[in-house]
Amino acid sequence: MAKAKFQKVTKAIIPAAGLGTRFLPATKAMPKEMLTVVAKPIIQYAVEEAYAAGIREFIFITGRGKAVMENHFDHPYELADTLRKKGKLAELKLVESVLPADAKVYYTRQGQPLGLGHAVGCAAGITQEEPFAVLLPDDIIDTSQGNPLKEMLAIYNETGKSVVMAEEVAPDRTNQYGILDLGGTGIKNNRARVKTFVEKPEPKKAPSNLAIVGRYVLTGRHMAQLAKTKPGRGGEIQLTDAMIEVCKKEGFTGYLHNGLRFDCGDKVGFQMANLYFALQDPYIAGRLQPFLHQMAERHDRRQALREDEIKRRKTKSKK
Ligand code: UTP
């Protein structure tokens, strides 16, 4: 068998130490990453995606109040035993498949939420000089349409360069993302050569509307770079700042994702993900779909009544 040209990526970092302020009060005592989308915690979707892409070592960056996450990925002897004794084998399978037997887990704590770059840097002692993947658990991908991390690992294995997932965003939303500057080159086979990145540019100054979203394959050099990176925008250590420096030395590939992605760090994206994945389950869909139609009709009726009322008031004030 031909020897791989570049060091294999075996580890994925999953940062989960953020405060989740957009979900307060739910996240007062419960980590955002443990909120459920249908019957699975958000974070489990990222683990399943990475496992399916070939990752076998998972590094969770956790913080205060996140112990429940460690329990979720632990082997639950008592629960498994009870389910077995009760003959609840389907449930037992669900519990045991949370973390496949050949997966290895590391936990490391980020003392203070000092930004995504800082969170990733907390894993430096585990990844050492190795390349690694990063998955932001907030972003849930519908992998039934393809596994982007698998594609990104294939690109890394071919080029030896870091790869970042990108998506086209509305031009007026560039100031919410790290944006790719392709320096005038185009996208071919969903791949683009990145010249540099610009962190949250105002729409007028944005070099493109291709935004960095949730998945990265990064070369080992990033850890040393992160250690040197000073706090940037918002006083946080930005992962994008370290990527800009590594890009100057090694180059970077952008992977354009066209499938469905749900931003579960945001209340709207979270509700959409719940509805989408619930509708994939025939049992739930059978009861949920008629309810959704009913709600939509009721909403339309209310809207029509509101519009009628506005028209009525306007004609009255003209008289
Ligand atoms: P977000 O930018 O969504 O921040 O983090 P947040 O704190 O979780 O949420 P809000 O904005 O207050 O509602 C994206 C991912 O990076 C992790 C988060 O846990 C989340 O998975 N993160 C962020 C860290 O691990 N540490 C940090 O310092 C910041």
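Read the numbers this way: they start at 1 and go in the same order the structure lists the ligands and their atoms.
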For ligand 1, is any non-hydrogen atom under 4.0 Å from [X]'s backbone (N, CA, C, O), its side chain (CB onward), both, or neither?
{"X": "Gln110", "value": "side chain"}
{"X": "Ala119", "value": "side chain"}
{"X": "Leu114", "value": "backbone"}
{"X": "Ile61", "value": "neither"}

ask   = Among side-chain atoms of Glu49 and Thr143, is any donor-acceptor pair under 3.5 angstrom?
value =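 Thr143 and Glu49 do not have a side-chain donor-acceptor pair below 3.5 Å.
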message = Between Glu309 and Arg312 (salt bridge meaning N to carboxylate O under 4.0 Å), is one present in this structure?
response =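 Looking at Glu309 and Arg312, the cut-off is met.
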ask   = Is the shortest distance from a Lys or Arg side-chain nitrogen in Glu96 or Arg84 to a carboxylate oxygen in the other one below 4.0 Å?
value =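 Yes.
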message = Among Thr21, Asp266, Ile13, which one puts a heavy atom closest to atom 12 (O) of ligand 1?
response =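 Nearest option to atom 12 (O) of ligand 1, by heavy atoms: Thr21.
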ask   = Lys32: heavy atom below 4.0 Å from ligand 1, yes or no?
value =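 It does, in that a heavy atom of Lys32 comes within the 4.0 Å cut-off of ligand 1.
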What protein heavy atom is closest to [atom], reported as residue, atom name and distance in Å?
{"atom": "atom 17 (C) of ligand 1", "answer": "Pro15 O, 3.8 Å"}
{"atom": "atom 23 (C) of ligand 1", "answer": "Gly18 CA, 4.0 Å"}
{"atom": "atom 25 (O) of ligand 1", "answer": "Ala17 N, 2.8 Å"}
{"atom": "atom 3 (O) of ligand 1", "answer": "Arg22 NH2, 2.9 Å"}
{"atom": "atom 28 (O) of ligand 1", "answer": "Gly115 N, 2.8 Å"}

key: Centroid separation Tyr107 to Phe73 less than 6.0 Å   =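 That pair fails the under 6.0 Å test.
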request  = For atom CD of Gln112, decide whether the heavy atoms of other residues, nucleotides or ligands shown that lie under 6.0 angstrom number more than 12.
outcome  =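 Not more than 12 within 6.0 Å, no.
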key: Enclosure of Gln7 CD (heavy-atom neighbours >12, cutoff 6.0 Å)   =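 Enclosed.
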Is the shortest N/O to N/O distance between [X] and ligand 1 below 3.5 Å?
{"X": "Leu19", "answer": "yes"}
{"X": "Leu136", "answer": "no"}
{"X": "Asp138", "answer": "yes"}
{"X": "Pro137", "answer": "no"}
{"X": "Leu116", "answer": "no"}

inquiry  = Distance check, rounded to the nearest 0.5 Å: Leu180 atom CG versus Phe252 atom CZ?
reply    =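 Answer rounded to 0.5 Å: 9.0 Å.
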Any donor-acceptor pair under 3.5 Å from [X] side chain to [Y] backbone:
{"X": "Thr174", "Y": "Pro201", "result": "yes"}
{"X": "Tyr45", "Y": "Val37", "result": "yes"}
{"X": "Asn209", "Y": "Val169", "result": "yes"}

inquiry  = Ring of Tyr51, cation from Arg56 - is the NZ or CZ under 6.0 Å from the centre and inside 45° of the axis?
reply    =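 Pair Arg56/Tyr51 counts as cation-pi.
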Which of the ligand 1 atoms, numbered from 1, are nearer than 4.0 Å to a heavy atom of Pro113 =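 It comes down to these atoms of ligand 1: 28 (O).
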message = As an exercise, identify every atom of ligand 1 less than 4.0 angstrom from a heavy atom of Ala16.
response =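 Counting atoms of ligand 1 from 1, those under 4.0 Å from Ala16 are 19 (O), 25 (O).
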